[in-house]
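Below is one structure, written out as structure tokens; the observations come after it.
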Protein chains: 2
Amino acid sequence: MNSSASTKERILTAAEALFAQRGFEGASLRQLTAAAGVNLAAVNYHFGSKDNLVEEVFRRRLDQLNARRLAALKQVVGQPDATLEDVLAAFIRPALDLSHDGGGSLFMRVLARAFAEHDDSLRKFLSDNYGHVMRQFTAEFARLLPQLSKEELYWRIDLVTGALTHAMSGFGIIQRKSDVSETTHREQTAAHLIRFSAAGLKDAPGDWA
Amino acid sequence: MNSSASTKERILTAAEALFAQRGFEGASLRQLTAAAGVNLAAVNYHFGSKDNLVEEVFRRRLDQLNARRLAALKQVVGQPDATLEDVLAAFIRPALDLSHDGGGSLFMRVLARAFAEHDDSLRKFLSDNYGHVMRQFTAEFARLLPQLSKEELYWRIDLVTGALTHAMSGFGIIQRKSDVSETTHREQTAAHLIRFSAAGLKDAPGDWA
DNA sequence: GTCTATAAAGTGATAGAC
DNA sequence: GTCTATCACTTTATAGAC
């Protein structure tokens, strides 16, 4: 029953889809291995445990995603006339591209679930492994928005994060129309996200802070 | 082991807390009835099934929440000089108040989970029972933002929804400091949400739409 | 309305043959 | 590296005594 990919990769792909659809608790190893066309015992052989498999599902996509984000940010920071929109684009575009190339469109839904879960160990894993990315972007936002207090900036970045996660996990009311190409739709999505986020970030600071 | 509240109410309260913490699949009836101090069989006696219990957890809070939202919106629509911020406040403040009175602060986390779940039957339940509330608010936004195309407006409302859900479920980086009262913190949260959302909604429409 | 006991099925994980 | 078989346990739900 082996297709082209390795057993390990096929488990990861099937797990990503099932975690997106039914959650980490909701997706059982039996459903998962059946979908991947591999033996039940293969999960424990290759990953050790279900928890470890969950982490590997994140690692596979986030390593690539965050490398691309940091590369894009580096490009932007190099330019003296970089705008807030440029920094937002460096953060957003790589995430939208995920849904294009790797077939990893489901991964953003997995990520949205992880946010909603509040699971401490999972959050610690994400923070430990990818927190430095968020810190670099935050520093750049702070540089471009010096009029905002630290607290006000954190608040707004938090709200931007919410909007992005929501939009990128794709449960918005906006569906791509059949006469719009996938590429065009992704460009429009990026433009909406960047514009909306920039407007919220740039707004004058509140006078009550 | 009976405290003051009825068995039914105590199950609902325990279920809300556990669903927020461990998810709908992750929270078992055994954990739930143990936390409520009631017998395991009481869930099936009072609610028929776990799925039905989930719906009742939503109904208990959303009936009140949406009634307050519509009442607040009615007040706003009555005034000829109502602002976008007023409409946003009518939507946001009742949700923040939930965390104050009923001890229902956990409910917003349950709601955030429901959004991330993509569960069709749950989404249909929410849409069937509370969709009219969102439609009324959308109509008011459209009236106050006539420069936006229907598509652009829907996009922005969707992004606002993401920011609100994220913030109200309380997994932001912003925590209340010990020297800030609960009331003050809620006011600041509301101010941030309203200001940020209004800025994103009011931004000039894109020229590519 | 609340209880115990249990049915029937599902769960993650593992031992051991190949 | 892959398989079967199974362990030890948990799950929802229900039957029937009180």
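Just so it is clear: chains get the letters A, B, ... in the order the sequence lines come, proteins before strands, and each one is counted from 1.
- Side-chain N/O atoms of Thr7(B) include one lying less than 4.0 angstrom from OP1 or OP2 on dT2(C).
- Listed pair Ser49(A) / dG12(C) fails the phosphate criterion, with no side-chain N or O lying under 4.0 Å from OP1 or OP2.
- Put simply, the side chain of Arg61(B) never gets that close to the backbone of Leu111(B): no donor and acceptor are under 3.5 Å apart.
- Taking atom CD of Gln31(B) as the reference point, atom C1' of dT11(D) lies 11 Å away to the nearest angstrom.
- Among dT2(C), dC3(C), dA13(D), the nucleotide with an atom closest to any side-chain atom of His46(B) is dT2(C).
- Taking atom NZ of residue Lys50(B) and atom P of nucleotide dA9(C), one finds them 19 Å apart after rounding to whole Å.
- In this structure, Ala27(A) and Tyr45(B) both approach DNA chain C, and ranking their closest nucleotides by distance from the 5' end singles out Tyr45(B).
- Exactly one residue among Leu32(B), Val43(B), Thr7(B) makes a side-chain contact (heavy atoms from CB on, under 4.5 Å) with Val38(B). That residue is Thr7(B).
- Comparing dT11(D), dC3(C), dA15(C) against the side chain of Ala41(A) picks out dA15(C) as the nearest.
- Residue contacts shown for Ala42(B) are absent, as no nucleic acid heavy atom lies under 4.0 Å away.
- Per the geometry, CG belonging to Leu53(A) stands 15 Å off C1' belonging to dT11(C), to the nearest Å.
- Rounding to whole angstrom units, CZ of residue Phe47(A) and P of dT14(C) are separated by 16 Å.
- Aromatic ring pairs are classed by plane angle as parallel below 30°, tilted from 30° to 60° and perpendicular above 60°; the pair Phe91(B) and Phe137(B) is perpendicular.
- Contact annotation: side chain of Arg30(A) to base of dG10(C), donor-acceptor pair absent below 3.5 Å.
- Distance from the side chain of Leu29(B) is smallest to dA13(D) among dG12(C), dT11(D), dA13(D).
- OP1 or OP2 of dT10(D) has not a single side-chain nitrogen or oxygen of Ser28(B) nearer than 4.0 Å.
- Counting to the nearest Å, the C1' atom of dT2(D) and the CZ atom of Arg10(A) are 13 Å from each other.
- Atom NZ of Lys8(B) has 12 or fewer heavy atoms from other residues, nucleotides or ligands within 6.0 Å.
- For Asn39(A), taking side-chain heavy atoms from C-beta onward, the closest of the listed nucleotides dA13(C), dT4(D), dA13(D) is dT4(D).
- The aromatic rings of Phe58(B) and Phe24(B) lie tilted to each other, with the angle between the two planes from 30° to 60°.
- One can place CG of Leu32(A) at 14 Å from C1' of dA13(C), the figure rounded to the nearest angstrom.
- Residue Asn44(A) contributes atom CG, which lies 9 Å from atom P of dG12(C) at whole-angstrom precision.
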